[in-house]
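Chain naming here is simple, since letters A, B, ... match the order of the sequence lines and numbering starts at 1 in each.
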Amino acid sequence: MREQQASRTFDVVNTIAILFFVLLCLAPFLHILAISLSSARAIMSGEVSLLPVELNWKAYKQVFTDMSMIRSLGFTVVLTLIFTVLCMLMSIAAAYPLAKTKLKGRKAVMFLIVITMFFSGGIIPEYMLVRNLHLLDSIWALVLPGLISPFYLIILITFFQNIPDSLEESAEMDGSSHIRTLISIIVPLSMPVIATLSLFYAVGRWNGFQDTLMYITSPEMYPLQLKLYQLVQNNMVSELMQAEGATGQSMLQPEGLKAASVMFATVPILLVYPWLQRYFVSGVMLGAVKG
Amino acid sequence: MVKAQRGKMKAQTLLALTLGCTMLLSACSGGNGNNASNGNTNASGSTGGEAASGEQVTLKVEVFDRGNSPAGSTITNNYLTKYVQDNFGTPNNIKVEFVPVPRSEEVQKLNVLMASGSDVPDIVFTYDSGTFYRYAQQGGLTDLSELLDQYGSNLKTFLGDDTLAYGQYEGQQFALPAKRAHLGKYSSFIRQDWLDKLGLPVPQTTDELYTTLKAFKEKDPGQTGGKVIPLGMSLAPAQFEPLLWSFIQPVTEEQRYTLTQQLGSNDYPILLPGFKDGLQFMNKLYNEGLMSTDFSLDEDKKKLNEDAAKGLVGFFSEDDMNPFYPDGLYATLQKNIPDAKLSAVDVYTDSEGKHPKPEYAPVGLYLMIPKSSKNAEAAVKYLDWMASGDNLLAIQNGVEGENYTLENGIPMAKADATDEIKNRIYNWGDMAIISNGKQLGETEKNVESYVVNMPEQFQDETRKALSVSRSDTIKPVLFDRPIEAQAKYGTALRDKLNEIVVKTTMVKPDQFESAYESMIKDYMAAGGQAILDERIKAYEEMKK
Amino acid sequence: MNLAVYLRRYWQLYALLVLPVCYFIVFKYAPMYGILIAFKDFNFFQGINGSEWIGFEAFKEVFAMKDFYKTLRNTLMLNFLDLLVSFPAPLFLAIMLYELKTAWFKKLSQTILYIPHFISWVIIGGIVYQVFGTQSGMINNIITSMGFEAIPFLTDKNDWLITYLAVGVWQSAGWGTIIYLAALTGINRELFEAADVDGAGRLRKIWSITLPSLKPTIVTLLIINLGHMIAIGFDRPFVIGNTAVRDYSDVLSTFVYRIGIESGQYTLATVVGLFQAVVGLVFVLGANYASKKLADQSIM
């Protein structure tokens with residue numbers, strides 16, 4: 001009885017604590033949403049906190065009638081999909097052999113990979129490489145250079161290593177080849193981590209824009225985050241901007257439009273995780289096998 | 001044991017193999033880069049050969065991309081790009097191609113383009129004088145003196161010698177600086193309705209301002225409930241520069257040249273006599289609660305604008321006419337407090353009773369033609385075309401009768417034009433690269449054109465603010481040679497300057513002295529001394 | 001086993017590695033000649049090959065700068081505090097989420113908790129200012145209305161550290177839980193049932209079942225984190241930091257940005273980068289070695 005009492009207290013405290021943190025995380029999002037729906041006057045006077053003031057949809061009308069935003073959304077979705085699929089294929093292909101501690105040459109390869117976590121050629125040689133491969137101003141310039149993140153690869157290796165060897169051994173006894181074992185046993189058992197890393201790669205690509213600043217010149221291939229960055233960043237006042245004088249001033253974008261664009265660019269990717277959560281229960285099977 | 005040995009050997013072979021591949025690859029890519037730049041150097045020797053032969057030339061021109069293209073047009077394909085092609089390109093058998101560069105990353109992208117040796121546009125530009133000097137010093141730019149004489153007579157007249165001087169590096173014309181239409185930088189603004197309410201006159205000097213600020217604080221004429229901010233301050237130059245410069249004592253020409261410190265594109269009075277008094281005055285205002293408490297956090301003026309729009313701020317200085325834009329600060333303030341009245345005033349006073357404040361250098365963008373460009377001739381022709389006839393007028397204002405009407409020689413934007421027509425010239429400021437601001441032949445007209453395009457009820461105050469911004473101004477110091485220490489330490493020292501301002505302002509008054517001493521010492525050690533030494537030397541050599 | 005037999009048996013594993021290894025060689029190793037910039041007086045127009053060799057001149061220059069040591073110290077300090085506070089935070093949060101019984105509430109809170117990761121730092125900066133500001137920040141409005149003195153969360157350097165950590169936890173904890181939650185799916189539910197039979201309490205079960213199952217993930221993340229003790233992102237210290245607390249908020253990344261990128265001195269930027277890389281590699285190898293000895297687990 002006492003145990004149950006304690007357990008219930010634990011649940012209550014735990015739920016309240018999480019609820020508190022959830023509200024903290026939700027507040028800024030609501031704030032941006034509120035700004036996107038408020039009047040310019042209210043925004044500029046700093047009156048908007050969590051609820052819209054002088055509610056209006058003007059900013060959203062502007063975003064949704066801007067064909068370049070819609071096109072950019074489409075491009076970003078395609079880019080993110082291609083990127084994520086290729087990244088996962090490459091990462092899984094690399095992680096499986098590297099998870100086998102007895103594989104000859106593994107250490108050398110791991111060392112080569114770990115080095116790239118710290119050493120890089122820098123922006124100029126990387127630009128030259130992309131140019132020499134004739135990838136400039138193409139979608140592949142945004143896909144190929146980032147295909148494998150050493151960090152995510154190491155995580156994947158760790159997860160693969162925790163799959164009991166007995167499973168693979170029994171498959172091998174049945175005459176299954178390595179690649180077949182990977183596809184039919186390892187991958188299905190690793191769906192939670194595969195879903196997680198897919199999310200990481202997808203979000204990284206969705207939110208990344210630094211490379212597009214360098215590699216892309218055609219406006220048709222501007223991802224959403226780049227457009228967003230331009231909107232937000234162009235309003236920054238630095239001394240170089242000050243040098244523009246009136247030229248720059250007359251080109252400022254209203255805050256409401258910025259906020260609406262932020263929502264437009266953020267909500268689609270936010271929906272990915274709830275959808276991926278379905279893969280987070282498959283561990284039941286793993287547990288069953290383990291037992 | 002043997003097995004382990006073999007494993008190790010294999011690992012080593014693999015490593016060696018990989019490194020080998022790497023070296024090979026890097027040698028290839030490195031070699032390519034080198035070949036490309038060699039090729040370019042050779043080609044630049046025969047500048048302009050092609051244009052004469054009747055073959056179409058492709059001229060690549062950089063354009064800032066701010067992501068603000070209206071529906072139906074892109075930054076590389078819009079009304080103005082077509083206008084350029086139809087009126088300049090096609091008649092001269094030149095295909096004009098625009099290369100977008102993100103506005104906020106201009107320097108970085110330009111650096112990479114330059115380093116890559118290819119894909120560099122024929123006309124590139126930057127607002128950053130340091131970048132221009134760097135390119136010139138490293139030998140990457142075309143000397144334009146001859147080309148300008150040959151193909152750029154209109155351009156030369158338009159820019160004038162004062163402006164062109166800023167584009168020279170060791171006697172060679174490596175850049176064509178755009179001409180600035182209006183040099184005024186800062187003005188100040190006071191809540192006239194607060195003064196009226198308290199029966200106070202407009203303050204005429206810094207001392208009177210202090211009294212007024214105290215009165216604002218004590219009597220709270222705006223009934224803000226104790227939230228009043230008598231002096232609106234931020235960490236942007238527009239707010240602290242006018243105050244600090246007004247404390248600078250009269251100086252000789254030599255002092256002005258040697259003691260001024262140019263950080264980035266602006267001159268700062270850190271070593272000039274009186275700077276410390278200015279900081280002390282800020283310290284006093286801060287500690288007496290007369291100034292924005294969180295000014296040190298407000299680098300983008302957002303908080304200041306918000307406070308002023310809410311009607312909490314009594315007095316502040318700003319970029320010349322910033323508060324008057326449609327839906328801007330003043331418009332919002334009046335929506336919040338219908339009786340609010342903002343007046344442009346000139347208050348900060350120096351020991352001679354003048355109102356000194358810095359003005360802009362007479363330049364905007366630095367236009368450059370990379371040495372690797374094969375189309376230097378076409379590039380100069382393009383800029384010359386822009387400077388001739390009514391072309392600049394058309395790029396800046398659109399079509400007469402549709403976009404604007406001319407009144408007393410000043411183009412007035414037609415308020416009733418459709419969005420489609422208005423959007424034609426949405427990026428005129430970035431396309432009219434030879435000018436910063438509208439050029440109508442004389443400064444008075446240029447300034448007036450700003451005034452008439454402001455909302456009608458603010459026009460008088462705008463006119464006043466613009467005239468304040470142009471009175472008693474201090475011109476930037478221009479040496480006949482670049483100061484290398486400034487290029488090297490400028491950015492770091494600019495941050496240090498902010499630190500000096502913030503720390504000396506926010507300490508308790510009795511700690512001011514020691515804070516000032518240690519901050520200045522730190523500043524001098526981090527490059528301030530190097531700049532000072534180099535400026536003294538450069539001044540001596542200039543006077544020889 | 002001789003090589004032929006070995007290869008016949010394992011060739012598929014090597015085949016799988018071919019493309020990834022090529023990727024690393026082409027996209028990571030090929031551009032690495034850029035490191036040479038650290039030893040050259042880099043000229044944009046001569047390129048890396050054409051620029052003049054200067055040996056260790058640039059290293060000497062950097063190591064003579066006072067700001068270098070200040071930013072190095074701050075980087076290590078902020079990262080160490082992060083390791084104490086921000087590193088365990090997602091772990092706790094993940095366990096708390098795992099213990100939630102209501103399925104829909106669990107899903108919903110997971111989804112909301114990771115939102116801050118998607119808000120760009122520029123925007124977070126504005127919000128931080130509104131929340132933590134001294135004059136009219138939300139927290140200080142509450143504090144002053146209760147009759148206490150306002151706390152300079154952003155302008156006093158010691159208070160600022162709290163702000164920096166709090167914002168870091170807020171921004172990254174929810175996102176960090178995802179990987180732990182993935183690991184937690186691997187737990188055998190039968191273990192809990194067995195523990196129930198033994199009469200173990202909730203905390204007891206967390207301690208002896210949940211945590212051990214997360215150990216491999218924790219160790220891997222810890223090793224990688226230690227490797228990055230000397231590296232620090234640009235945005236967070238830059239956006240949350242400000243002039244008044246520069247004594248603490250100025251870190252290597254902002255230092256490099258200022259002296260290297262903004263001033264076009266790529267040589268100096270590369271020198272600092274190379275220094276960070278070497279130290280980082282030493283750290284990660286050390287951490288890897290220690291973990292192999294102590295926890296019998298390593299990433300290499």
Side-chain angles (χ1 to χ4, degrees), chain A residues 40-47 65-68 104-109 111-112 121 123-129 131-133 136 210 212-214 217-220 222 226-254, chain B residues 6-7 10-12 14-15 18 28-29 32-33 65-69 71-72 74-76 99-100 102-105 108-109 112 115-116 118-119 127-128 180 182 236-238 264-266 299-301 305-306 309-310 319 321-322 325 327 329 332 335-336 360 364 427 429-430 436-437 450 494:
Chain A
R41 185 206 63 79
I43 300 169
M44 201 177 167
S45 314
E47 288 172 12
T65 50
D66 182 351
M67 275 319 287
S68 74
K104 290 174 184 175
R106 170 186 181 271
K107 273 202 145 166
V109 176
F111 192 66
L112 281 180
I123 190 166
I124 291 171
E126 278 164 15
Y127 178 88
M128 306 268 274
L129 176 72
R131 192 200 64 191
N132 291 345
L133 295 172
L136 277 187
Q210 288 295 345
T212 53
L213 286 169
M214 287 298 147
T217 45
S218 307
E220 309 85 67
Y222 281 2
L226 178 60
K227 295 184 76 87
L228 201 60
Y229 178 74
Q230 287 178 327
L231 270 179
V232 176
Q233 208 67 22
N234 286 339
N235 285 24
M236 300 286 279
V237 182
S238 74
E239 261 150 284
L240 282 188
M241 302 285 183
Q242 191 197 16
E244 291 187 331
T247 308
Q249 268 299 326
S250 58
M251 282 188 243
L252 291 189
Q253 302 284 345
Chain B
R6 200 187 290 151
K10 220 191 219 143
Q12 275 166 356
L14 192 67
L15 188 73
T18 320
C28 286
S29 40
N32 281 348
D65 187 359
R66 300 168 195 264
N68 62 344
S69 299
T74 66
I75 194 70
T76 51
V99 182
R103 170 64 185 102
S104 49
E105 312 289 302
Q108 223 172 325
K109 174 109 187 203
V112 172
S116 80
S118 66
D119 321 318
Y127 275 109
D128 183 25
R180 194 174 275 275
H182 158 61
S265 301
N266 292 350
E299 286 190 54
D300 60 4
K301 303 192 251 187
N305 273 304
E306 198 182 296
K310 270 196 262 187
D319 287 324
M321 53 182 174
N322 257 9
Y325 284 99
D327 295 325
L329 169 55
T332 313
K335 269 188 214 160
N336 287 332
Y360 281 109
N427 66 338
D430 290 333
N436 182 292
Y450 286 121
R494 184 59 191 80

Contact between [X] and [Y] at the side-chain level, heavy atoms closer than 4.5 Å - yes or no?
X        : Y        : answer
B:Asn336 : A:Glu47  : yes
B:Val112 : A:Arg131 : no
A:Met214 : B:Lys109 : yes

Heavy-atom proximity to chain B below 4.5 Å, by part of A:Leu136
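For A:Leu136, side-chain heavy atoms alone lie under 4.5 Å from chain B.
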Select one option (side chain, backbone, both, neither) describing which atoms of A:Gln210 are under 4.5 Å from chain B's heavy atoms.
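The side chain, not the backbone.
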Reported [atom1]-to-[atom2] distance for the pair [X] and [Y], which is rounded to 0.5 angstrom:
X        : Y        : atom1 : atom2 : result
A:Leu213 : B:Gln108 : CG    : CD    : 8.5 Å
A:Ser45  : B:Leu329 : OG    : CG    : 9.5 Å
B:Ile75  : A:Tyr222 : CD1   : OH    : 8.0 Å

If I compare all heavy atoms of B:Pro100 with all of A:Thr217, which pair ends up nearest, and what's the gap?
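Scanning both residues, the minimum pair turns out to be CG-O, 3.2 Å.
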Closest heavy-atom pair and its distance - A:Met44, B:Ala309:
O-CB, 4.0 Å
Using modelled atom types only, decide if a donor and an acceptor are shared between the side chain of A:Arg41 and the backbone of B:Lys335 within a distance under 3.5 Å.
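Absent.
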When B:Gly72, B:Gly264, B:Pro102, B:Ser69 are compared by non-hydrogen pairs under 4.5 Å with chain A, the top option:
B:Pro102
Residues in side-chain hydrogen bond (donor to acceptor under 3.5 Å, both in side chains) contact with A:Ser68, at least two apart in sequence or another chain
A:Asp66, A:Lys227
